[in-house]
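Remember, predicted model here, so these are calculated numbers, not experimental data.
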Amino acid sequence: MKYIVVLGDGMADYPIAELDDKTPLEYAKTPAMDYMAKHGTQGLVKTVPKGMPAGSDTANMAVFGYDPFVYYSGRSPFEAASMGVPMLDTDITFRCNLVTVSDDEPYEEKTMIDHSSDEITTEEAGVLIKALSEYLGTEAIKFYAGISYRHLMIWDKGPYEWTLTPPHDILGQKVKDYMPKGPGSEIIEEMTKKSYKFLSEHDINKKRVARGLKPANSIWVWGEGKKPLLSSFYEKYNLKGSVISAVDLIKGIGMCAGMDVIEVEGATGNIHTNFKGKAKAALDEMAKGNDFVYIHVEAPDECGHRYEVENKYKAIELIDDQIIKVIKDEMERIGEDYRMIILPDHPTPLSLRTHTSEPVPFLIYQSNSEKDNLKGAYNEITAKEAGLYFPEGYKLMDYFIKGDK
């Protein structure tokens, strides 16, 4: 038996008028998911524990089968692990976004326009982060380039008990109420202000503006954390696993759990990602003997943050056609039994442009034990109507692997 997780980040949503008062998951054409819904098990799962922020970090950790209350020490340490950045026990890590803010002065009056700087390319961002590191870095504070707008700051013996806000939570709002708060936060506040003056004048941003793109004209620091200590996934479930994602956070969770992390050419973290490449990589991992694959697709989440209604349901259709169907067809061709779970980590409603913490729908299909349900559709409504609910998200993985016997 092979075990396959297909996680559409931020895929769950609310009904919206543009889609005939349906959610993107309801509206999208998903024949592969519909077949599995007709012959599988649906339900709801609370992936974000009560009292924790609705982040992909805690939610994905729960989906992997780890209790966030036990194992969570912050988001950015997983990104550091994925990026190969060595951490001292005294290091505090921070996510460092390249963002677009308005031109208002002083800095506190600026508005957060785009948390991703128009999904800046990794190549452009790498040049900017290198320049920022030379301009702002100190003996204790270092900057490391990641993918697109997602980067890392590490502060040796830095503060841990700060109040920090993800930039995607304050889109369209003035930043004055969300500047870093806590002992020593004035150091990062000053760095943030300096970054605006420096980045606004950089040639890369001048060229981006000339091309009609948003400039990456400021850093935004959030997601602090300490060196993580996850138990081995193999020891926990006796399954050798692989993680397939374009996002350092997800790769880092897998790496810290002792799983293989697979790089896919053309995997971008947005709707232009290599969907089929991810499916092929999953099939290759199972063919070489791994029992478990975790396929993470960021595209629906990014579309939710950017209020891209059409792209969000199209991303779901691409997941269905170019990942789920491709894997289903090949597993049937080779006669390999498998169990697949399809779910989001959290909702990213288009109407809010940020994450929420409501329970999300899941669908489990087992190839050699098909059910016969009345409804052949997978979405927020059918999952709720099924009546199966996991209030503690990390327990869903046990159910998925052991089956609903």
Can you list the steps and then say if Ile4 with Phe292 is a side-chain contact (heavy atoms from CB on, under 4.5 Å)?
CA-CA 6 Å; Ile4 305 159; Phe292 175 96; over 6 Å; no
Is it the case that Tyr178 and Gln173 place a side-chain donor and acceptor less than 3.5 Å from each other?
yes
When you compare the side chains of Thr121 and Glu124, does any donor N or O come within less than 3.5 Å of an acceptor on the partner?
yes
Pair Gln366-Tyr338, side-chain donor/acceptor within less than 3.5 Å
no
Step through the shown structure and confirm whether more than 12 heavy atoms of other residues, nucleotides or ligands are within 6.0 Å of NZ on Lys194.
no
Taking atom types as modelled and ignoring hydrogens, do the side chains of His355 and Asp345 form a donor-acceptor contact shorter than 3.5 angstrom?
no
Do Phe198 and Tyr135 have side chains that approach each other closer than 4.5 Å (heavy atoms only, starting at C-beta)?
yes
Can you classify the ring geometry of Phe64 versus Phe233 as parallel (below 30°), tilted (30 to 60°) or perpendicular (above 60°)?
perpendicular
Does the Lys NZ or Arg CZ of Lys110 fall within the cation-pi geometry relative to Tyr196 - under 6.0 Å from the ring centre and within 45° of the axis?
yes
Given side chains that start at C-beta, do those of Tyr389 and Val45 come closer than 4.5 Å, heavy atoms only?
no
Tell me, do Val264 and Ile244 make a side-chain contact under 4.5 Å, heavy atoms counted?
yes
Would you call Glu310 and Lys314 a salt bridge, taking side-chain N to carboxylate O under 4.0 Å as the test?
yes
Should the pair His305 and His168 be assigned to parallel (<30°), tilted (30 to 60°) or perpendicular (>60°) ring geometry?
tilted
Show, in sequence, the C-alpha distance, side-chain angles and deciding distance for Tyr66 and Tyr394, and conclude whether the ring-ring contact (aromatic ring centres under 6.0 Å, His included) test is met.
CA-CA 5 Å; Tyr66 295 94; Tyr394 71 95; 9.5 Å; no
Going by atom types only, do Glu285 and Asn290 share a side-chain donor-acceptor pair under 3.5 Å?
yes
Donor on one side chain, acceptor on other, His296 and Asp9, under 3.5 Å:
yes
Heavy-atom side-chain proximity of Ile204 to Leu128 below 4.5 angstrom
yes
Does a donor on one side chain and an acceptor on the other come within less than 3.5 Å for His346 and Ser56?
yes
I'd like to know if Asp337 pairs up with Lys2 as an ion pair, taking the criterion as any Lys NZ or Arg NE/NH1/NH2 lying under 4.0 Å from an Asp or Glu carboxylate oxygen.
no
With distance as the sole criterion, is a donor-acceptor pair present between the side chains of Asp34 and Tyr378 under 3.5 Å?
no
Given side chains that start at C-beta, do those of Met179 and Trp220 come closer than 4.5 Å, heavy atoms only?
yes
With a 4.0 Å cut-off on N to O distance, would you call Asp13 and Lys22 a salt bridge?
no
Does one side chain, of Glu358 or Tyr14, offer a donor that lies under 3.5 Å from an acceptor on the other?
yes
If the threshold is 4.0 Å, N to carboxylate O, is there a salt bridge linking Lys29 and Asp320?
no
What is the minimum heavy-atom distance between Ala125 and Leu98, and which atoms define it?
CB-CD1, 3.8 Å
Using a strict cut-off of less than 4.0 Å between a Lys/Arg side-chain nitrogen and an Asp/Glu carboxylate oxygen, indicate whether Glu79 and Arg150 qualify as a salt bridge.
no
Only one of Lys193, Lys174, Lys176 clears side-chain hydrogen bond (donor to acceptor under 3.5 Å, both in side chains) with Glu108; which?
Lys193
With the threshold set at 4.0 Å, does a side-chain nitrogen-carboxylate oxygen contact exist between Arg333 and Glu330?
yes
Just by distance, with hydrogens left out, do Thr348 and Arg353 show a side-chain donor and acceptor under 3.5 Å apart?
no
Above 12 or not: heavy atoms from other molecules or residues under 6.0 Å from CD of Glu235?
no
Before you tell me yes or no, could you show the steps for Lys157 and Asp91 under salt bridge (Lys or Arg N to Asp or Glu O under 4.0 Å), namely the whole-Å CA-CA distance, both residues' side-chain angles and the distance that decides it to 0.1 Å?
CA-CA 6 Å; Lys157 300 181 180 68; Asp91 281 341; over 6 Å; no
So, Lys288 and Asp284, do they make that salt bridge, N to O below 4.0 Å?
no
Strictly below 4.0 Å, N to O, side chains only: are Lys240 and Asp291 in salt-bridge contact?
no
Can the positive tip of Lys280 be found less than 6.0 Å from the middle of the six-membered ring of Phe275, inside 45° of the ring normal?
no
Ignoring hydrogens and angles, state whether a donor on the side chain of Asp118 or Tyr149 is under 3.5 Å from an acceptor on the partner side chain.
no
Taking the side chain as every heavy atom from C-beta outward, state whether Pro77 and Met87 have any atom pair closer than 4.5 Å.
yes
Might you point out which heavy atoms bring Lys181 and Asp177 nearest each other, and give the distance in Å?
NZ-O, 2.9 Å
Evaluate the side chain to side chain donor-acceptor pair (under 3.5 Å) criterion for residues Tyr107 and Ser218: first the C-alpha distance (whole Å), next the side-chain angles of each, then the deciding distance (0.1 Å), finally the verdict.
CA-CA 10 Å; Tyr107 190 94; Ser218 181; 2.5 Å; yes
State whether the number of non-hydrogen atoms from other residues, nucleotides or ligands found under 6.0 Å of Lys142 atom NZ is greater than 12.
yes
Does any N or O in the side chain of Glu332 come within less than 3.5 Å of the main-chain N or O of Ile327, such that one atom is a donor and the other an acceptor?
no
Under 3.5 Å: donor-acceptor pair, side chain of Lys395, backbone of Ala62:
no
Distance-only polar pair, side chains of Ser82 and Asp248, donor-acceptor under 3.5 Å:
yes
Would you call Ile316 and Thr30 a side-chain contact if the rule is heavy atoms closer than 4.5 Å?
yes
Pair Asn217-Thr100, side-chain donor/acceptor within less than 3.5 Å:
no
cation_pi(Lys328, Tyr35) dist<6.0 Å, angle<=45:
yes
Full working for side-chain contact (heavy atoms from CB on, under 4.5 Å) between Ile319 and Val6
CA-CA 8 Å; Ile319 291 170; Val6 178; 3.8 Å; yes
When you compare the side chain of Ile16 with that of Thr23, does any pair of heavy atoms fall below 4.5 Å?
no
Mind running side-chain contact (heavy atoms from CB on, under 4.5 Å) on Glu336 and Ile334 for me, showing each step along the way?
CA-CA 6 Å; Glu336 181 84 64; Ile334 64 177; 3.8 Å; yes
Before you tell me yes or no, could you show the steps for Arg95 and Asn97 under side-chain contact (heavy atoms from CB on, under 4.5 Å), namely the whole-Å CA-CA distance, both residues' side-chain angles and the distance that decides it to 0.1 Å?
CA-CA 6 Å; Arg95 161 70 86 81; Asn97 275 41; 2.7 Å; yes
Heavy-atom count check: over 12 atoms from other residues, nucleotides or ligands less than 6.0 Å from Lys50 NZ?
no
Between Glu119 and Ser148: side-chain donor-acceptor atoms closer than 3.5 Å
no
Once the angle between the rings of Trp155 and Phe94 is folded into 0 to 90°, is it parallel (under 30°), tilted (30 to 60°) or perpendicular (over 60°)?
tilted
